[in-house]
Amino acid sequence: MSYAYFPSTDGAHTVLIRSDLVVLTSAGAERLDMLWSAINDGTDAAGALDVLTAGGISSTPDFVLVSGLGNASSVVMARGALGATVRQGSQSNQVDGSRVSSWVESRFEGVTGVQLGTAAVDARRLPLVHGAAPAAAVVWGDQGADAEVA
């Protein structure tokens, strides 16, 4: 499974990717190190959430986390200004955590594509299979004709 990411020009967000788990977050360097270590060691979505929320809600960074892509069921969690567009065939759903103090969690069946974050249509698109990079957005699968990212 491969993803494409759109490099961040301001370094405000970082994407961390493993084949079955992707996180886009505004976390600082120390938390990013802990999160990458957990992801690289095989943690699941709950374990990644534990790292993101370590220290309590008030210190939890903005994030959008997706697990289970390519499986029958996928989970999307979003907090703060980061969100996701989830495609299920021709249907598109938004997951946004900006209106809650914790995070929003949604389960989707038959996901065919997802976009985390936002990027300009003319942004440079780079592949990433496993790793971490400063990113404005990341995509997987079908984006549909009406997607913001070309």
Side-chain angles (χ1 to χ4, degrees), residues 1-70 74-87 92-108 111-144 146-150:
M1 177 175 311
S2 65
Y3 298 84
Y5 78 99
F6 298 82
S8 171
T9 56
D10 62 7
H13 301 106
T14 302
V15 64
L16 300 98
I17 292 176
R18 189 180 67 210
S19 63
D20 60 339
L21 183 66
V22 59
V23 180
L24 182 65
T25 182
S26 64
E30 185 177 335
R31 192 167 316 214
L32 284 173
D33 287 345
M34 291 186 299
L35 184 58
W36 178 245
S37 180
I39 289 171
N40 209 29
D41 287 346
T43 195
D44 59 7
L49 188 60
D50 284 345
V51 174
L52 287 164
T53 59
I57 289 294
S58 63
S59 67
T60 299
D62 291 355
F63 69 85
V64 59
L65 179 156
V66 182
S67 67
L69 290 174
S74 300
V75 174
V76 179
M77 297 179 214
R79 172 181 165 76
L82 292 172
T85 302
V86 179
R87 296 197 54 84
S92 182
N93 300 286
Q94 300 295 317
V95 179
D96 178 353
S98 65
R99 294 187 180 115
V100 297
S101 61
S102 57
W103 62 89
V104 171
E105 183 173 339
S106 300
R107 181 172 299 276
F108 296 94
V111 173
T112 57
V114 67
Q115 176 181 328
L116 290 69
T118 58
V121 171
D122 61 349
R124 182 177 53 164
R125 182 180 183 148
L126 300 170
L128 186 60
V129 176
H130 181 97
V138 61
V139 295
W140 173 84
D142 173 34
Q143 297 308 300
D146 60 342
E148 287 181 47
V149 181

**Prompt:** Partners of W103 by ring-ring contact (aromatic ring centres under 6.0 Å, His included), sequence neighbours excluded?
**Reply:** none
Closest heavy-atom pair and its distance - [X], [Y]:
{"X": "S19", "Y": "Y3", "value": "O-OH, 3.1 Å"}
{"X": "D10", "Y": "S8", "value": "OD1-OG, 2.8 Å"}
{"X": "Y5", "Y": "A135", "value": "CD1-CB, 3.9 Å"}
{"X": "R31", "Y": "S59", "value": "NH2-O, 3.1 Å"}
{"X": "S92", "Y": "R87", "value": "CB-NH1, 3.7 Å"}
{"X": "V95", "Y": "A78", "value": "CG1-CB, 4.0 Å"}

**Asked** Per the side chain to side chain contact (heavy atoms under 4.5 Å, CB included) rule, which among V22, L21, L35 passes with L65?
**Response** L21
Would you compute the distance between atom [atom1] of [X] and atom [atom2] of [Y] and round it to the nearest 0.5 angstrom?
{"X": "L49", "Y": "T60", "atom1": "CG", "atom2": "OG1", "value": "8.0 Å"}
{"X": "T14", "Y": "L24", "atom1": "OG1", "atom2": "CG", "value": "8.0 Å"}
{"X": "L82", "Y": "T25", "atom1": "CG", "atom2": "OG1", "value": "7.0 Å"}
{"X": "F63", "Y": "L52", "atom1": "CZ", "atom2": "CG", "value": "5.5 Å"}

**Message:** Is there a side chain to side chain contact (heavy atoms under 4.5 Å, CB included) between L16 and L32? Walk through the geometry before answering.
**Reply:** CA-CA 9 Å; L16 300 98; L32 284 173; 3.8 Å; yes
Using a 3.5 Å distance criterion without hydrogens, assess whether the side chain of [X] forms a donor-acceptor pair with backbone atoms of [Y].
{"X": "D62", "Y": "S26", "answer": "no"}
{"X": "S74", "Y": "G68", "answer": "yes"}
{"X": "R18", "Y": "I39", "answer": "yes"}
{"X": "R79", "Y": "S101", "answer": "yes"}

**Request:** Report yes if the side chains of L126 and P7 come closer than 4.5 Å at any heavy-atom pair, otherwise no.
**Result:** yes
**Prompt:** Is any side-chain heavy atom of F6 less than 4.5 Å from a side-chain heavy atom of T118?
**Reply:** no
**Message:** Would L116 and V66 count as a side chain to side chain contact (heavy atoms under 4.5 Å, CB included) here? Give the steps.
**Reply:** CA-CA 9 Å; L116 290 69; V66 182; 4.0 Å; yes
